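Only one structure is covered here, and it is reproduced in the block below.
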Amino acid sequence: MAHTRRALPLPPAFYDRDTELVARGLLGMTLEHRVGGSVVRGRIVETEAYLGEHDPACHAAAGRTARTDPLYGPPGTAYVYFVYGMHWCVNAVTRAEGLPSAVLIRSVEPVAGIETMRERRPRARSDQQLCDGPAKLCAAFGIDGRQNRAALWKGPLRILEAEPISDQDVRRTRRIGISRARSWPLRWNVVRRATR
DNA sequence: TCGAAGATTGTCT
DNA sequence: GACAATCTTCGAG
């Protein structure tokens, strides 16, 4: 890219919209995490929407509990949860307070800080495998429970505006990795590389 | 290259 | 006590 205008974080208003629009809109955006002196960045290429208490696959379907409480919080904050006894996953909370919906970030492409990612995920055999899964990207980015409820527009953990992905490069499919409400078409991913 | 199964712990019934 | 928005390894073809 020739001249990069300074990347701005997506404002809270970006997240205070229909969750499906947010999931689609996050494709192509930049996930960034600063820890100590190191910065890692990635391009979001896969997301999933979780719509609220009426969505059986959404954690909020169980109601408001200590675990799901962040989903009820303000839009643009992080919901980081622990699964399978060993993995962390990160979501962006969407819609107004009291509407417990969110977008799971499932996959990103490494953009910066690849050395740091490799240190955190020495088992990855290729750069692509560093963060092509929800738990992998949390490991590569150093995301864990400490980022739960963090504001994504000003934290050390942020999502920055970047080149949007055009419709012809986006595919919408069913959600994966879940047992309930599997058939709902709430997963978006980038099918073609925008770079050449 | 693909499918099956184990790892491991917080949360809710 | 069951199960989970996953990743990795291992064995078969």
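Just so we're clear, the structure is a prediction, and the values are computed from it rather than from any experiment. Proteins come first, then strands; the chains are lettered A, B, ... in the order of their sequence lines, and each starts at number 1.
Under 3.5 Å, the side chains of A:Q147 and A:Y79 contain no donor-acceptor pair of N or O atoms.
Of the charged side-chain nitrogens involved, none lies within less than 4.0 Å of a carboxylate oxygen, so that A:R171 and A:E46 do not count as a salt-bridged pair. Salt bridge A:R175/A:E48: absent, no basic N to carboxylate O contact under 4.0 Å. Note on A:D69 versus A:R149: salt bridge recorded, some NZ/NE/NH1/NH2 to OD/OE distance being below 4.0 Å.
Remark: A:R106 is in phosphate contact with C:dT6, judged by side-chain N or O atoms under 4.0 Å from OP1 or OP2. For the pair A:R67 and C:dA4, the criterion of a side-chain N or O lying under 4.0 Å from OP1 or OP2 is not met. Distances shorter than 4.0 Å separate some side-chain N or O of A:R121 from OP1 or OP2 on C:dT8. For C:dA4, one of the phosphate oxygens OP1 or OP2 lies less than 4.0 angstrom from a side-chain nitrogen or oxygen of A:S179.
For C:dA5, the base is stacked against the aromatic ring of A:Y50, per a cut-off of 5.5 Å between centres and 30° between planes.
As judged by a 4.0 angstrom heavy-atom cut-off over every strand, A:R175 is placed among residues making no nucleic acid contact.
Searching all strands for a Watson-Crick or G-U wobble partner of B:dT8 with both distances below 3.5 Å returns nothing. Pairing partner, C:dA5: none, since no Watson-Crick or wobble contact has both distances short of 3.5 Å.
Taking atom P on both nucleotides, B:dG6 is separated from C:dA2 by 16 Å, rounded to a whole Å.
Here the side chain of A:H87 is nearest to one of B:dC12, C:dC7, C:dA5, namely C:dC7.
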